[in-house]
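Starting from 1, each residue takes its place in the sequence as its number.
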Amino acid sequence: MGLGPRSVHKARRQFPGAGRRGRGAPCSGRPPPGRDGCPRPPAAAARGEQAPEALPHLSPDALGYFRRALSALKEAPDAAEERDLMVRNILKEVEAQALALATNRTGSEMLQELLGFSPLKPLCRVWAALRPKLRFVACHRCGVHVLQSALLQLPRLLSSPAEAEEEEEEEDGKHGPLQTLEELVLGLASEVSDDFLFFCGDTHGSFVVRTLLQVLGGTLLESERTRSRASQSSETQRTSARECKRTDFEVPKTFLNHLQDLSACFLKDIAVFITDKISSFCLQVALQILHYKLPQYCAHLCDAIIDYLSSRNSSADGSPLLLFLRDQTSSRLLEQVLLVLEPARLQRLFEDHFQGQLHSLAAHPIANFPLQRLLNAITSPELLSLVFEELSPALEAVLAQGHPGVVVALVEACRRVGTHQAQVLQLLLEAFHCAEPSSRQVACAPLFASLLAYEVYYELTEEEGAVPAEHQEEMAAARALREVTVLGSLLLQHLLYFSNPGLVLRSLSALTGPQLLALAQSPAGSHVFDAILTSPSVTQKQRRRVLKTLKGQYVALACSRHGSRVLDAIWSGAALGARKEIAAELGEQNQQLIQDAFGHHVARNVALTTFLKRRATWEQEQSAVAKRRQALNSILGD
């Protein structure tokens, strides 16, 4: 139910916070490694893979030896030669028990750490020792992480100088020809390619495929490397999914050739990769890598996906693609397709399948996420105008349905493209019931931050059809700031980057000191200050008007986890006069700061001891810092 007409029931409605989708981020099927426990692997018969009859057993003595060796290695001096010798000696022992270590829960953890220290040749020997059982290791709940760790060493090892030829000849004489790292990777790629559908569909093997795709493309995705860490909130997962950082490194041409071969494997069974949850993760990663490295192959895959989905049975309300936008598995894939499509293809996709359906998509618990990705991908004013015209009348209803991510994505698109900014701000004021009377507009910032309508935030009751009450400044000043949501914080940040953020800044300036302090101490709200301090649309005069309200709150800021970060950011951009005021206020509570876990870092950054004992020296140092900053800014400005 929307929030359009005013009534007792509707006026008290709270905008639901995040629009949960009921599933993790893309490619989030990886079981936690090591101490967090390894999930039970699929039955060997179900995978069509029989475990080795005589799986090597890792004795407690051997496990204790490797644990002590790893501990000694961590405590070893930083001298390169000594540490290198220790690593080589340990990995020689590992080579004989590589399979036992890789398939043991604790041994797998230690082997992953050891590979992080390993030089090129020892790693190749360990890999070669695992190769006869590569298929089993890749699909083992613990062994898979060892293979991933080995693959993730490539950026470091490919850039390191080649090792001495004498050592290579010595090893060849003892153990036969040692395969190069490139040969080992290409061998793994060939084995995966030969049974591609099996590896991609296996719960554990799919992780090897996804890591292999990144290595072959010379691009490591941050979201994939951190996937095994502690689970994140839905909002954080989605932010990282669309703003995925990557690390590029040089790879041999043969790697890109094999990447092309693997991309062709997706086309052979495109239906499986679209509909199967585990296999779909591999195709999503492939689209990202191909988008960066082989755009023409990425476009070809996207066309194949869209053509397949468009050829299915039509839905009752339009394009057959709409059915898949509402499906948990295929909608994830379509999100990635939307993010990597070229602008012309994106516009054509919108016109063929999305146009006229935005309201129903925004209201759907699953389909609203692909709609957000469509908004994230828009770069042309023409396409944004089409989307804005259709979606903007429903902003209040979308908020009431619990999908504020759609609204935030639309505001972000207006910021990025640079159009419809005044219109979307006016629509937001109306949706939050603070457009009329105009006195309410000064309260917009806390409403946006908390995603609460005016009547809900201030706990008012208005009869249907009644004239909205004027804003009461005394009432607003007496009320503590409500909880700041992640999406509410993002909404404020985007608005502060609009070409004219004056209204939002006036609203922030109207907050009392304790209210602004609460915003700075909030995990989500503290990032609003980043936008205030860095947005090119915010003038120095506007910035000072907001920040002066914090005077008298500096000690409380300094002693807060998130507030101390805000204070450091304010200090970095402050002029000498403002720095004196901050230091003087902090100096009155010097002992409290020194004893506080966060405050003592602020005291050190401000050089508070020098300020209190040698004021002239402190002023000289701060003046020198200000001159260097001014010179640097002038250089960057030129």
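Rounded to the nearest 0.5 Å, atoms CG (Leu256) and CG (Leu290) are 10.0 Å apart. Distance check, rounded to the nearest 0.5 Å: CG of Leu213 to NE2 of His258 gives 12.5 Å. To the nearest 0.5 Å, atom NE2 of residue His300 and atom CG of residue Leu294 are 13.0 Å apart. For the atom pair Asp303 CG and Cys298 SG, the distance stands at 9.5 Å (nearest 0.5 Å). Note that the NE2 atom of His359 and the CD atom of Gln401 stand 10.0 Å from one another [nearest 0.5 Å]. To the nearest 0.5 angstrom, Thr379 atom OG1 is 10.0 Å from Leu384 atom CG.
Distance alone, capped at 3.5 Å, places no donor-acceptor pair between the Arg415 side chain and the Val411 backbone. Panel note: side chain Ser535, backbone Ile532; no donor-acceptor pair is recorded below 3.5 Å. Side chain of Arg332 to backbone of Lys277: no donor-acceptor contact under 3.5 angstrom is found. A distance-only check finds a donor-acceptor pair linking the side chain of Ser190 to the backbone of Leu186 [under 3.5 Å]. At distances below 3.5 Å, at least one donor-acceptor pair connects side-chain atoms of Gln112 with backbone N or O atoms of Ser108. Side chain of Glu390 to main chain of Gln357: a donor-acceptor pair is present (N/O by atom type, distance under 3.5 Å, no hydrogens or angles). The closest donor-acceptor contact from the side chain of Gln179 to the backbone of Cys124 lies at 3.5 Å or more, if one exists at all. Side chain of Gln493 to main chain of Ser489: a donor-acceptor pair is present (N/O by atom type, distance under 3.5 Å, no hydrogens or angles). When atom types are taken as modelled, the side chain of Asp269 and the backbone of Val272 share no donor-acceptor pair closer than 3.5 angstrom. The main-chain N or O of Leu188 is never found under 3.5 Å from a side-chain atom of Glu191 such that the two would form a donor-acceptor pair.
Between Phe136 and His140, the ring center distance clears the sub-6.0 Å criterion. Proximity of the aromatic rings of Phe273 and Phe281 is defined here by a centroid distance below 6.0 angstrom, and this criterion is not met.
Under the 4.5 Å side-chain criterion, counting only non-hydrogen atoms from C-beta, Val215 is not in contact with Val251. Counting heavy atoms from C-beta outward, Ile378 and Leu375 have side chains that approach closer than 4.5 Å. In this structure, Leu101 and Val146 have side chains that are not in contact, with every pair of non-hydrogen atoms separated by 4.5 Å or more. The shortest side-chain heavy-atom distance between Asp202 and Val208 does not fall under the 4.5 Å cut-off. Counting heavy atoms from C-beta outward, His403 and Phe369 have side chains that stay 4.5 Å or more apart. For the pair Phe498 and Cys414, the minimum side-chain heavy-atom distance is below 4.5 Å. You'll find the side chain of Leu287 reaches within 4.5 Å of the side chain of Leu333, heavy atoms only. Using a 4.5 Å heavy-atom cutoff, the side chains of Leu374 and Leu346 are in contact.
Checked by atom type, the side-chain pair Arg565/Ser526 shows a donor-acceptor distance below 3.5 Å. Side chains of Gln336 and Arg373: a donor-acceptor N/O pair is absent below 3.5 angstrom, by distance only. Under the 3.5 Å distance criterion, with hydrogens and angles disregarded, a donor-acceptor pair is assigned to the side chains of Thr211 and Gln148. Side chain to side chain, Glu182 and Thr254 meet the donor-acceptor criterion of an N or O pair below 3.5 Å. Side-chain contact check for Asn368 and Gln372: at least one donor-acceptor pair (N or O, by modelled atom type) lies under 3.5 Å. Side chains of Ser118 and Gln153: no donor on one and acceptor on the other come within 3.5 Å. Between His527 and Asp530, the side chains place a donor N or O and an acceptor N or O closer than 3.5 Å (distance only, hydrogens not considered). Side-chain atoms of Glu335 and Ser331 form no donor-acceptor pair, as typed in the model, at a separation below 3.5 Å. Side chain to side chain, His204 and Arg141 fail the donor-acceptor criterion of an N or O pair below 3.5 Å. Checking Gln288 against Gln284 by side-chain atom types alone, no donor-acceptor pair falls below 3.5 Å.
Under a cutoff of 6.0 Å and an axis angle of 45°, Arg348 and Phe350 do not form a cation-pi pair. Because its NZ or CZ atom is both nearer than 6.0 Å to the ring centre of Tyr292 and within 45° of the ring axis, Arg246 counts as a cation-pi partner of that residue.
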Query - Arg210 vs Phe207, side chain to side chain contact (heavy atoms under 4.5 Å, CB included): CA-CA, chis, key distance, verdict - result: CA-CA 5 Å; Arg210 283 142 59 181; Phe207 286 98; 3.4 Å; yes
Requested in this report: Evaluate side chain to side chain contact (heavy atoms under 4.5 Å, CB included) for His353 paired with Leu322, printing each intermediate quantity in order.
Outcome: CA-CA 7 Å; His353 303 284; Leu322 298 177; 5.6 Å; no
Query raised in the report: Under the side chain to side chain donor-acceptor pair (under 3.5 Å) criterion, do Ser310 and Asp307 qualify, and how do the steps go?
Result: CA-CA 5 Å; Ser310 302; Asp307 289 345; 5.6 Å; no
Query raised in the report: Between Leu496 and Phe529, is a side chain to side chain contact (heavy atoms under 4.5 Å, CB included) present by the stated rule, with each step listed?
Result: CA-CA 10 Å; Leu496 286 166; Phe529 287 87; over 6 Å; no
Query raised in the report: After noting the C-alpha distance and the side-chain angles of Thr219 and Lys293, does the key distance pass the side chain to side chain contact (heavy atoms under 4.5 Å, CB included) rule?
Result: CA-CA 8 Å; Thr219 298; Lys293 296 296 183 176; 2.9 Å; yes
Report task. Would you check, one step at a time, whether the test side chain to side chain donor-acceptor pair (under 3.5 Å) holds for Ser499 with Gln421? Result -> CA-CA 8 Å; Ser499 59; Gln421 293 183 356; 3.1 Å; yes
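By the neighbour-count criterion of 12 heavy atoms within 6.0 Å, atom CD of Glu389 is sparsely surrounded, having that number or fewer from other residues, nucleotides or ligands. Counting heavy-atom neighbours within 6.0 Å of Gln296 CD, excluding the residue itself, gives a total above 12.
Between Leu157 and Leu120 the shortest heavy-atom distance is CD2-N, 3.8 Å. Taking both residues in full, the closest heavy atoms of Leu427 and Ser392 are given as CD1-CB, 3.4 Å, listed atom of the first, atom of the second, then distance. When all heavy atoms of Ser385 and His420 are compared, the pair lying nearest together is OG-NE2, 3.1 Å. Across every non-hydrogen atom of Leu487 and Pro404, the tightest pair is CD1-CG, 3.7 Å. Smallest separation of non-hydrogen atoms from His364 and Ala367: ND1-N, 3.1 Å. Of all heavy-atom pairs spanning Leu262 and Ser193, the tightest one is CD2-CB, 3.8 Å.
A salt bridge links Glu342 to Arg345: at least one charged side-chain nitrogen sits closer than 4.0 Å to a carboxylate oxygen. Between Arg135 and Asp194 there is no salt bridge, since none of the side-chain N atoms of the basic residue sits less than 4.0 Å from a carboxylate O of the acidic one.
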